[in-house]
There are 2 protein chains.
Amino acid sequence: MAGVMSDGGEPGTVRPGGRTARIREAVLRAAEDALTEQGFTGLDLADVARRAGVGKTTVYRRWGTVTGLVADLLADMAEQSAPRTETGSLLGDLMANARLVQRTLTDPRQGPLFKALIAAATGDPKTAAALHRFYDIRVREWAPCVRQAVDRGEVPEGTDTHEVIRAVSAPLYYHLLISGGRLDETMADRAAEAAATAARAGAYVRA
Amino acid sequence: MAGVMSDGGEPGTVRPGGRTARIREAVLRAAEDALTEQGFTGLDLADVARRAGVGKTTVYRRWGTVTGLVADLLADMAEQSAPRTETGSLLGDLMANARLVQRTLTDPRQGPLFKALIAAATGDPKTAAALHRFYDIRVREWAPCVRQAVDRGEVPEGTDTHEVIRAVSAPLYYHLLISGGRLDETMADRAAEAAATAARAGAYVRA
DNA sequence: GTGCTAACGGGTCTCTGGTTCCGTTAACAG
DNA sequence: CTGTTAACGGAACCAGAGACCCGTTAGCAC
């Protein structure tokens, strides 16, 4: 009864030798597929297990609940970062970002997946935290282009660079989730232009 | 076997004499409470029935599914319209709108409720349609203040008035659902200011 | 007031997520 | 190569959401 078993329990932490990682990978991919096709509500862990070619006991043991699995999926997605393009102008960079987001959200796989992830986050604080972290990382990757615009004098000093990036995405997500519009390239360009204009006018200067 | 039973079925359509309406009201209010407290995922029709002091059979018969109930709730909410204030300036009107939205979303009851409604809409087209309709009505109520700004020459002709109103809400919902920020009055004012600035610069002129 | 019937409501039955048990597999150490 | 044991997987088990049946209530018409 000494302190032998040291650090915690959480299956899948002790023996990271191939199998554990392989199964995690398979299950997360299966969860992605299931979420994409069935949405968050229709997500069934037994179904995920079947798709992954894995015993459902394994899924329940390692992730426990549906939201737990989704949270882990978000953590996994947060790792893989997509590189950003640089165009040299604020509007150009923001448009590149807006179009990337627009393409992602209208993609027949990614769109439904993101909807499902966001829906999952509304119901569970843990999942919400994972979602926030995911987006925080993405925002952080793009913020430098606003920083550069500040350095160029194109945007006032003291501007909240993260908030500018969020302002580009916001209308696109609003249409996806709430108003249900078309979400085409025109919308993306408009979102980027609006954000750039407001930023130049100092609307995002930190209070 | 003649065509006697004429128009459809849908219980609750034939005898709108008090009871039907009373029960609908009680169930919708109970659903609101349940959604607020448990979120969309934790919504149980039997629980709703209990809260409403109504047999669960009734709920299943009239609404059938959880999403059906939510869709009806949205239709009901779409009826009651909150009046808008008029300040005479574009920025003033947009700020009034932004603060209204901000107060709604941070309200300990309304905030969770709206989250749940949006989550429900991601999974079911019928519910999504109801949600879109609800917001379309709200946007339509506020659009005139942008129209007036166009007439005053403050905003370019051809501006998509609805889109300007949506632009005010978008960042607030983005924070609520996705990035998870604080959502205070400063954010509301910033959202209004950004939208007003972009609108004046012609960012929302229809292509 | 009285009869008709749409709509309600309690009780039961079912079916499917989710849990538990225990035998099997496969990383890793020596 | 061989032993140890964390982690997997099949199968039986359990609980609770949702469907069904049928007797009861209450609008509404005459």
Side-chain angles (χ1 to χ4, degrees), chain A residues 1-2 4-31 34-35 37-70 72 120 123-124, chain B residues 2 4-31 34-35 37-72 120 123-124:
Chain A
M1 32 185 62
V4 182
M5 48 168 46
S6 55
D7 58 295
E10 291 303 293
T13 51
V14 174
R15 197 173 286 181
R19 182 162 70 162
T20 293
R22 209 160 48 239
I23 286 191
R24 186 177 120 106
E25 196 58 23
V27 171
L28 291 186
R29 290 296 79 77
L35 273 178
E37 291 169 30
Q38 330 270 300
F40 175 64
T41 310
L43 193 59
D44 169 22
L45 293 203
D47 177 50
V48 171
R50 206 175 312 122
R51 288 167 185 261
V54 155
K56 73 171 175 172
T57 312
T58 299
V59 177
Y60 280 106
R61 182 172 31 235
R62 283 189 56 180
W63 289 278
T65 83
V66 174
T67 53
L69 177 57
V70 174
D72 193 34
D124 176 65
Chain B
V4 181
M5 47 169 45
S6 55
D7 60 294
E10 292 302 294
T13 52
V14 174
R15 196 175 285 180
R19 182 164 69 162
T20 294
R22 209 160 48 239
I23 286 192
R24 187 177 118 106
E25 196 57 23
V27 171
L28 292 185
R29 290 296 78 77
L35 273 178
E37 291 168 29
Q38 328 271 300
F40 174 65
T41 310
L43 193 58
D44 169 21
L45 293 203
D47 177 51
V48 171
R50 207 176 312 121
R51 287 166 185 263
V54 156
K56 70 173 174 173
T57 312
T58 300
V59 178
Y60 279 108
R61 183 173 29 234
R62 281 188 58 180
W63 289 278
T65 83
V66 174
T67 53
L69 177 58
V70 174
D72 194 34
D124 176 67

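All chains are named by letter (A, B, ...) in the order of the sequence lines, taking the proteins before the strands, and each is independently numbered beginning at 1. In this text, all values refer to a predicted model and were calculated from it rather than measured experimentally.
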Open item on the list: Let me confirm one number: the CZ-CZ distance from Arg24(B) to Arg29(B), rounded to the nearest 0.5 Å.
Closed with: 9.0 Å
Task: Nearest to side-chain heavy atoms of Val54(A), which nucleotide of dG9(C), dG9(D), dG17(C) - done: dG9(D)
Open item on the list: Using whole Å, what does the distance between atom P of nucleotide dG17(C) and atom CD of Gln38(A) come to?
Closed with: 11 Å
Task: From Leu35(A) atom CG to Thr41(A) atom OG1, the distance as rounded to the nearest 0.5 Å - done: 10.0 Å
Open item on the list: Measure CZ/Arg62(A) against C1'/dC8(D) and give the value in whole Å, please.
Closed with: 10 Å
Open item on the list: With rounding to the nearest 0.5 angstrom, report the CD to CG distance, Gln38(A) to Asp44(A).
Closed with: 8.5 Å
TODO: Measure the distance from CZ on Arg50(B) to C1' on dG9(C) and round it to the nearest whole Å.
DONE: 14 Å
Task: Integer-rounded Å distance: dA6(D) P and Arg24(A) CZ - done: 21 Å
Task: Val27(A) side chain reached by Trp63(A) side chain, heavy atoms, under 4.5 Å - done: yes
Task: Distance, rounded to the nearest Å, where Lys56(B) contributes NZ and dG18(D) contributes P - done: 9 Å
Task: First of Asp44(A) and Thr57(A) reached from the 5' end of DNA chain C, by closest nucleotide - done: Asp44(A)
Task: Rounded interatomic separation in angstrom, taking CG from Leu45(B) and P from dG18(D) - done: 6 Å
TODO: Could you check if a side-chain atom of Thr65(A) sits within less than 4.5 angstrom of a side-chain atom of Leu45(A), using non-hydrogen atoms only?
DONE: no
Open item on the list: Can you tell me which nucleotide in dA17(D), dG18(C), dC8(C) comes closest to the side chain of Tyr60(B)?
Closed with: dA17(D)
Task: Side-chain N,O (Thr20(B)) to OP1/OP2 (dA7(C)) below 4.0 Å - done: no
TODO: Take the protein atom CG of Asp47(B) and the nucleotide atom P of dA17(D), then report the distance between them rounded to whole Å.
DONE: 9 Å
Task: Rounded interatomic separation in angstrom, taking CZ from Arg61(B) and P from dC21(D) - done: 12 Å
Open item on the list: Between the base of dG18(C) and the side chain of Thr65(A), is there a donor and acceptor pair under 3.5 angstrom?
Closed with: no
Open item on the list: Does dG27(D) have its OP1 or OP2 closer than 4.0 Å to a side-chain nitrogen or oxygen of Arg22(B)?
Closed with: yes
